[in-house]
There are 2 protein chains.
Amino acid sequence: MTITASNAAKQTFIPLARALARAYQAFASYDAAGYQNSDLTVSQADVLFTLGNTAGLTFTEIGDLTLITKGTLTGVVDRMSSKGLVKRLAITSDRRYTKVVLTTKGNKLFAIEFPRQIEYLKKRFDKIDDNTRQQAITILNKLVDSFD
Amino acid sequence: MTITASNAAKQTFIPLARALARAYQAFASYDAAGYQNSDLTVSQADVLFTLGNTAGLTFTEIGDLTLITKGTLTGVVDRMSSKGLVKRLAITSDRRYTKVVLTTKGNKLFAIEFPRQIEYLKKRFDKIDDNTRQQAITILNKLVDSFD
DNA sequence: CAATAATAGTCCTAATTAGGACTATGTCAA
DNA sequence: TTGACATAGTCCTAATTAGGACTATTATTG
C-alpha cells in the first residue's frame with residue numbers, strides 16, 4: 001500500500017521510534033542532571049570516563065567508544081586540555097595519530113566523578129529487575145542491527 | 001558494597017545504558033541521513049511533521065511532542081518561518097500563547113517529506129518482526145518509567 | 001620508485017542544545 | 001482589587017553537533 005501524508009502516521013513502527021527517543025531522552029536528561037555540581041559537561045565526562053584506567057587513547061578510539069564524532073571531539077578535548085584534565089601525546093611510530101591521556105588532575109577528577117555518577121545512575125537502574133535488563137539489552141541490540 | 005573508580009565499571013546496568021545510547025544513535029543517524037536531499041534539518045522536520053494535519057500548535061505543545069526544549073524551539077521556528085514554512089499566530093483568548101501553523105508552502109512540503117521519510121524509515125523497521133516490536137515498546141516504556 | 005588511495009586529526013560553518021534570566025500575561029487567594 | 005505565584009515565549013551564552021574541506025602522514029599498487 002502506498003504511503004501518503006494522511007496515512008503515513010499509521011505505520012506500526014512509529015510508536016517504537018517514539019518509545020526509543022523517549023527512553024533515550026529520559027536517560028540522557030537524568031544523566032545530565034548528575035553533573036550539575038561538577039565542572040563537567042556530559043561530553044567531557046564521557047571522555048573522562050572513557051580515558052580513566054587506560055594508558056591513553058587516540059581520537060579515533062575515543063570517538064568509537066563515546067559516539068562523539070571527530071569534529072566535535074577536537075573541541076571537547078581542547079576544552080578539557082585547557083582545564084588541565086588531559087594532554088595530547090605525539091605518537092612517533094605513526095605520526096598521524098595523537099594519544100590523549102589523563103593528567104594527574106584528570107585522574108583525580110575521574111576517581112571522584114566516575115563512582116559518584118555511577119552511584120547516581122544506579123539509583124534509577126536498580127528499579128529494573130535483572131530479567132528485564134537482560135531482555136532490554138537483547139532487544140536494543142536487535143534494533144542496532146536493523147540499522148546496520 | 002561501595003562503588004569506587006576501579007570497580008564502578010562492573011555495575012551490571014552499564015551494558016544497558018550503552019545499548020540504549022547505541023540504539024538511539026543508530027536510529028538517529030539513519031534518520032538524519034534521510035534528510036540529505038531535503039532542505040530540512042532533523043529538528044525542522046520534527047516540527048514540520050508534528051504540525052502536519054493539525055490546525056496549529058503552541059510552542060509548549062510542540063515542545064512536549066518533539067522533546068525540543070523551549071529555548072531551542074524559538075530558533076527552530078524562526079528559521080522555518082524565514083523559509084516560509086510556518087507562521088506565528090497570536091491567540092487572543094490568552095495572550096501568553098502563540099500558535100504555530102503551517103503555511104501553504106509548509107503543507108506542501110509536509111505532504112512530500114512526511115511520507116517519503118516514513119517510507120525510508122520503514123525499510124529498516126520492517127526488519128523487526130511484530131512480536132519483537134511490541135516487546136521493545138513495552139521494555140522501552142519501562143525504562144522511561146524508571147527515570148520518572 | 002612514483003602515483004594513488006586511505007587514514008588521522010584540525011578547522012570551519014550553520015544549527016541545535018540546555019538552562020537561566022527576562023518580559024508579558026494570566027490565575028488565585030486574602 | 002491587589003499581591004504572590006504560575007505560565008508562555010524570547011533572548012542570551014557556552015558547548016555540542018555533523019559534515020565536509022583541508023593538511024599531514026602512511027599504505028598500497030602498478
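A note on names: the letters A, B, ... follow the listed sequences, proteins ahead of strands, and every chain is numbered from 1.
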- Query: Are A:Thr41 and A:Gln44 close enough that some pair of their side-chain heavy atoms sits under 4.5 Å apart?
  - Reply: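 SC-SC contact between A:Thr41 and A:Gln44 confirmed.
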
- Query: Is there a side-chain contact between B:Arg88 and B:Lys99, using heavy atoms and a 4.5 Å cut-off?
  - Reply: no

- On DNA chain C, check which nucleotide each of A:Lys99 and A:Ala33 is closest to and give me the residue with the more 5' one. A:Lys99

- A:Phe59 vs A:Gln25, nearer the 5' end of DNA chain C by closest nucleotide: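 It is A:Phe59, whose closest nucleotide lies nearer the 5' terminus.
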
Round to a whole Å and report the spacing from [atom1] of [X] to [atom2] of [N].
X: A:Leu40; N: D:dA15; atom1: CG; atom2: P; result: 12 Å
X: A:Asp46; N: D:dT17; atom1: CG; atom2: C1'; result: 14 Å
X: A:Leu57; N: C:dA8; atom1: CG; atom2: P; result: 14 Å
X: A:Asp39; N: D:dA15; atom1: CG; atom2: P; result: 9 Å
X: A:Arg88; N: C:dC11; atom1: CZ; atom2: P; result: 8 Å
X: A:Asp94; N: C:dA6; atom1: CG; atom2: C1'; result: 12 Å
X: B:Asp31; N: D:dT17; atom1: CG; atom2: P; result: 17 Å
X: B:Asp78; N: C:dT17; atom1: CG; atom2: C1'; result: 15 Å

- Message: Is the distance between the ring centroids of B:Tyr30 and B:Phe125 under 6.0 Å?
- Response: no

- Report the C-alpha distance between B:Arg116 and B:Glu119 in whole Å, list the side-chain angles of each, state the deciding distance to 0.1 Å, and finish with yes or no for salt bridge (charged side-chain N to carboxylate O under 4.0 Å, His left out). CA-CA 5 Å; B:Arg116 183 204 52 68; B:Glu119 185 78 60; over 6 Å; no

Phosphate-side-chain proximity, [X] and [N], N/O vs OP1/OP2 below 4.0 Å:
X: B:Thr69; N: C:dA18; answer: yes
X: B:Arg96; N: C:dT23; answer: no
X: A:Thr60; N: C:dG9; answer: yes
X: B:Ser43; N: C:dT17; answer: yes

- Candidate nucleotides C:dA15, C:dT10, D:dG9, ranked by approach to the side chain of B:Gln44 - the nearest: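 Comparing C:dA15, C:dT10, D:dG9 against the side chain of B:Gln44, the answer is C:dA15.
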
- Message: So for atom NZ, which belongs to B:Lys108, do other residues, nucleotides or ligands contribute more than 12 heavy atoms lying within a distance under 6.0 Å?
- Response: no

Touch class at under 4.0 angstrom, heavy-atom based, for [X] against every strand present:
X: B:Thr74; answer: base
X: B:Thr72; answer: base
X: B:Ser29; answer: nothing

- Pairwise 5' ranking along DNA chain D for B:Lys70 and A:Lys83, keeping only the more 5' one: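 On the 5' side of the pair lies B:Lys70.
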
- Note on the structure: Nearest-nucleotide check on DNA chain D, A:Val42 vs A:Arg95; residue mapping nearer the 5' end is A:Val42

